[in-house]
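Beneath this line is the structure, given in structure tokens, with notes to follow.
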Amino acid sequence: MAEDQQQQPQSNVDPLLNPGQLRQIVKNLPSKLKHPHSDYHYCDAASFETEITEFFNYSEIEGELHGLWQEYTMNVSFDWCQLDNKDQQRYIEHLLDQLEHSVRDRRVLAAKILLCIALGHCHSDKEPQISADIVITNVNVLHGCGALMVVFHAFNHACKKHDAYNSQNPVMDELGEISNEIGLYISIIYLMLEALRYTKCFSDDLGMLDPSILRSLFEVVSQLRDKYLKSFPVKKLILLLWKAILSTFGGFEELQQAKTASRILHGLEPKNDDIISKCSPQDLFAFQNEITLKYPNYNPPSIPLPITSSLTVKASPGLVKAMGIANATAHTELPYQTLFPPKSSGNSSSTIKKQQQANASLVWPSPSAQSFVLPLDEKHSGTPQSTMEAGNLFLKNMHLSVANHQIIFEREKAIHKWEQWKNSSMECTDSSSKIEIDVRISETMKKRFEALELVYVSMVSELQNIVIVLLKLLLSTVTAGNSSTSARQSSSSTERSANSIDVEETDAARNREILSKAISAILLLLLKWTKVSHVLKFEYLSQLLVDSGCLLLILKILGLQEITTIVAAETDVEGYSIFQQKGDGKISNSSNACAPQRLYTNERNMFWCINFLRILQMLTKRKTNRVMLLVQYKSSAILKRVLKVSHPLMELYALKVMKSQVPYLGRKWRSLNMKIISAIYLRCYTVLRDDWISKSDTDNDLEDGMVQETNLRMLIRIYHGQRYIPAMLPPQDEPSGLDHFTNSINDTIISLGSSILGDAEDDTHTSLDQEFMDNYEEWLENNVYVSEPGEEEDDYIYVHTDSITPGTPIPSSPIAHADSIGSLYSQGLEDAFSSNEMNDSCYGGLDYLDPASKVTQQLFTVEQQTIKRYIALTSDSSCIADTA
């Protein structure tokens, strides 16, 4: 009875939840919780100790480094610490001389001793503890003896031997020994570069790394595409390449300084930080065109740009014709659309419907395109005051970036300077090939720009192979067991502390993380520095990455793994760092010791996750076709999972990539993801003409995106063909360029008239056989003057035909009226081209034609008039003969 009374109040409770309660329950779900990792500091690289430890595998730390110390104690009988500075230098120079020995064992032993000195293994009779201060001190001694370049030359020599053995398909043991020698050289160079970079030896005041080292490293990486890589130290080579880029060019801080210097080199004003919402020249021209269509009386203000034609501001079919590359552009394909298509193709019926709507819009213009002409008076032009103020606001906030300036400059040069280039008189005036002297730029910055050009010249021909090698290595890190390994590593922390783990399995996962970290950093730095050098270098690298499937590969890496899991995965084993004593093989949880309530952050995975998002954003920024690839690959679902990780930079770049896709995701997606749209408004930078949330003419964007993509590829071919790879030059239209017509139209007319009239008197380029010259009169009698029976009648009938067809008629006698025909044709040419103003009644109004069609139409009209005059001449002659 009591139980029934207790159950009765529960039966009256409403089983339905109100929206507020439901929202709270959904918010508290594990899948909806944010994973805080905001304590991670994103920078060029990790600490010195971390970078050195990550260079070596756990198996090397446990076995090989211990063996190095034993070999050192067996071959070195003195105490390194007891030697003075001169004796240390003298011994190091002796070891460097041994690296050039013809016997491999002598070279390998010298390299091992040098590596022990660099690691600090020479400071104790017992197995020493490596200290960062000892490593830096010994590296400075090695650097003072010139060890860096000597070891690097030995590394190059060993790589050439490896290439020779690899091409001959030798015994694998022999190839493995050479690979081990290469690994020793890479380790010495890496330790020296990292120590010198950590101590600011490559700062602005002290200079930078010799660019020849980076050039050779890129060459070695490009050759990995066809090599046997089982025993080759690929991971160490990629890490060395990353640190060589940082040591030669610099990191993010040097990038900002280089951007400022680039604006100075191109004569642009310093960046105006007072502009809150910027406007690009393309946005300004689009606004002026739209307002002019609505209000024909609107007089837009002049744009302060160093251009001769508005065609060069934005890619268009007219620009393609003016550049003289219409045929090459028509045959340009986008490989990524065919090599990496989306799984689900678009509906054919919807495509047909869109096509019908596009055709209808050509007949019935949209309301936005209609003109609103208001009554005019003497004081007002009919344009609203708000519209004029908007035009002035656009002009005031216009920002010309270095990339925009370079592209407009290359388009102008493609239109106006084809002939100068063909005559080998064109000089490269951009900052990448010729650094102008400016007192506001430091000498180190000038050297940095010169190094950028030198490295790019050496690697541009092998850039495709470099990209393929890096992406293949990146693909190797995406394994089926990666997700399960991360899940096992992120299970209960109590269970991990109690049980020992598989060091080999953890080492494999750790190596994949380190490789992803290094490759992502290399790609990001290459994109950043090539853009600083010249935007078309950056676009060429971007084109190779996109065509090689980089977008899909990054989405695959981010999508096959749970981001919240991998950024918290613990893959560092306690006691396996070279700066610590060997421990008991437990998972390291040192970051949680001070604050156990905080979530563990895997800094390696955070680093490459942010890098990949930045690469996605750089490859797709203002590229509609590439953004559509992300939409078709369903990247919005992957990026929504990335947003579960609470870190400012990761959220920012994920939102930036999503912002570009919002106009193409549909109204339903926007209504269901208003939190993401609000976050985009709060976090992402807003430009003056930012209509990403209200854009409706997406079809026009796709068409403009295709024109932009193809024109950009043509610019890349022209730029690189003129400077680096002549085979990349696109075939030129004949004739090409507006200036070709305006500057040489008289020469064209004279040459055409001379060829038609048979004016070969001045032709000095034609050579005839001596036999033909001796029998010239006989050839005339047999082939020219002899006519077939009835030929005169046929010619006479052809001449008097009512329907005159194009072409000069063949007279009955080749000599009789030759002078008359020549004089008639010359008179027609003189009448047609003597004055600039054409008679529309005679020539049908040719202003709508392009210059080539205009010249052709004029010549055709002259030819018809000559035929008519010739007919009149022959008819008059026949009448006179009949009268006589």
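- Annotation for Y198: atom OH does not count as buried by contact number, only 12 or fewer foreign heavy atoms lying within 6.0 Å.
- Looking at V642 and F612, their side chains never come closer than 4.5 Å, going by heavy atoms from C-beta outward.
- For W529 (side chain) and G250 (main-chain N/O), a donor-acceptor pair under 3.5 Å exists by modelled atom type.
- Between A568 and H37, the shortest heavy-atom distance links the atoms CB-CE1, 4.2 Å.
- The NZ atom of K537 sits 12.5 Å away from atom CG of L526, with the distance rounded to the nearest 0.5 Å.
- Taken to the nearest 0.5 Å, the CD atom of E194 stands 14.0 Å off from the CD1 atom of I189.
- Separating the CG atom in L523 from the CD1 atom in I615 is a distance of 4.5 Å, to the nearest 0.5 Å.
- In terms of the salt bridge (charged side-chain N to carboxylate O under 4.0 Å, His left out) criterion, R263 has no residue partners (sequence neighbours excluded).
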Which pairs would a plain distance check flag for residues 544-558, meaning a side-chain donor or acceptor within less than 3.5 Å of a matching protein atom at least two apart in sequence or in another chain?
| residue | atom | partner | partner atom | Å |
| --- | --- | --- | --- | --- |
| D547 | OD1 | R713 | NH2 | 3.0 |
| D547 | OD2 | R713 | NH1 | 3.1 |
| S548 | OG | L544 | O | 2.7 |

>> Is there a side chain to side chain contact (heavy atoms under 4.5 Å, CB included) between L209 and L214? Walk through the geometry before answering.
In response: CA-CA 8 Å; L209 183 66; L214 187 57; 5.8 Å; no

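- In this structure, the ring of Y681 has its center less than 6.0 angstrom from the ring center of W692.
- With values rounded to the nearest 0.5 angstrom, M658 atom CE is found 14.0 Å from Q617 atom CD.
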> Between V662 and W669, does a side chain to side chain contact (heavy atoms under 4.5 Å, CB included) hold up when you go through it step by step?
Replying inline: CA-CA 8 Å; V662 169; W669 186 94; 4.2 Å; yes

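- Residues I136 and L196 form no side-chain contact, since every pair of their non-hydrogen atoms from C-beta on lies 4.5 Å or further apart.
- Remark: the backbone N or O of V687 is paired with a side-chain donor or acceptor of S277 at under 3.5 angstrom.
- The nearest pair of heavy atoms linking L239 to A518 is CD2-CB, 3.7 Å.
- For residues 465-474, no residue pair satisfies the salt bridge (charged side-chain N to carboxylate O under 4.0 Å, His left out) rule, not counting sequence neighbours.
- Without hydrogens or angle criteria, S533 side chain to T530 main chain gives no donor-acceptor distance under 3.5 Å.
- Using cut-offs of 30° and 60° on the angle between ring planes, the pair Y190 and F55 is parallel.
- Remark: S678 OG to L655 CG distance equals 11.0 Å, nearest 0.5 Å.
- No side-chain donor-acceptor contact under 3.5 Å links K531 to the backbone of A403.
- Side-chain atoms of T248 never come within 3.5 Å of backbone atoms of I245 as a donor-acceptor pair (strictly under, hydrogens ignored).
- At least one donor-acceptor pair under 3.5 Å links the side chain of R683 to the backbone N or O of P648.
- Under the rule for a side-chain contact (heavy atoms from CB on, under 4.5 Å), P36 has no partner lying at least two apart in sequence or in another chain.
- Side chain of R626 to backbone of L619: a donor-acceptor contact under 3.5 angstrom is found.
- Looking only at side-chain heavy atoms (C-beta outward), L224 and L237 come within less than 4.5 Å of each other.
- Residues forming a side chain to side chain donor-acceptor pair (under 3.5 Å) with T53 (at least two apart in sequence, or on another chain): S577.
- Side-chain contact check for S636 and Q661: no donor-acceptor pair (N or O, by modelled atom type) lies under 3.5 Å.
- Not one N or O on the side chain of Y653 forms a donor-acceptor pair closer than 3.5 Å with the backbone of L616.
- Residues A569 and N602 approach most closely at O-ND2, 2.6 Å, considering heavy atoms.
- Across L246 and L525, no two heavy atoms sit closer than the pair CD2-CD1, 3.7 Å.
- Side chains of I519 and I238 form a contact here, defined as non-hydrogen atoms less than 4.5 Å apart.
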>> Could you walk me through whether E64 and F56 satisfy the side chain to side chain contact (heavy atoms under 4.5 Å, CB included) test, starting with their C-alpha distance in whole Å, then the side-chain angles of each, then the deciding distance to 0.1 Å, before giving a yes or no?
In response: CA-CA 10 Å; E64 295 180 13; F56 297 99; over 6 Å; no

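- Partners of E539 according to the salt bridge (charged side-chain N to carboxylate O under 4.0 Å, His left out) rule, which considers only residues two or more places apart in sequence or in another chain, are K623.
- The side-chain contact (heavy atoms from CB on, under 4.5 Å) check on Y42 picks up Y40, F252, L524, F607, I610, N611, R614, L649, with sequence neighbours excluded.
- Between M618 and S542 there is no side-chain heavy-atom pair separated by less than 4.5 Å.
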> Going through the distances and angles, do I563 and H35 end up as a side chain to side chain contact (heavy atoms under 4.5 Å, CB included)?
Replying inline: CA-CA 10 Å; I563 300 297; H35 296 258; over 6 Å; no

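- Salt bridge annotation for R510-E513: absent, with no cationic side-chain nitrogen under 4.0 angstrom from a carboxylate oxygen.
- Between F48 and V135 the shortest side-chain heavy-atom distance falls below 4.5 Å.
- With sequence neighbours left out, D691 forms a side-chain contact (heavy atoms from CB on, under 4.5 Å) with S694, K695.
- Listed by chain and number, the residues in a salt bridge (charged side-chain N to carboxylate O under 4.0 Å, His left out) with R225 amount to none (sequence neighbours excluded).
- Here the shortest heavy-atom pairing between F218 and I466 reads CD2-CD1, 3.7 Å.
- The salt bridge (charged side-chain N to carboxylate O under 4.0 Å, His left out) analysis of residues 41-59, with sequence neighbours excluded, yields the pairs E51-K243, E51-K517, E54-K517, E54-R604.
- In this structure, the ring-ring contact (aromatic ring centres under 6.0 Å, His included) partners of Y540, at least two apart in sequence or on a different chain, are H720.
- The minimum heavy-atom distance between N138 and G120, with the atom names listed, is ND2-CA, 3.7 Å.
- Put simply, the side chain of L541 reaches to within 4.5 Å of the side chain of V467, judged on heavy atoms.
- Formation of a donor-acceptor pair under 3.5 Å by the N605 side chain with backbone atoms of I566 is found in this model.
- Atom OG1 of residue T601 and atom CD of residue E570 lie 10.0 Å apart, to the nearest 0.5 angstrom.
- By the 6.0 Å contact criterion, CZ on R670 is enclosed, its count of non-hydrogen atoms from other residues, nucleotides or ligands being greater than 12.
- Listed by chain and residue number, S59, E60, K235, D507, N511 satisfy the side-chain contact (heavy atoms from CB on, under 4.5 Å) test with N57 (two or more places apart in sequence, or in another chain).
- The backbone N or O of A258 sits nowhere less than 3.5 Å from a side-chain atom of S262 that would complete a donor-acceptor pair.
- For the pair T260/Q256, no side-chain contact is recorded, criterion being any heavy-atom separation below 4.5 Å from C-beta on.
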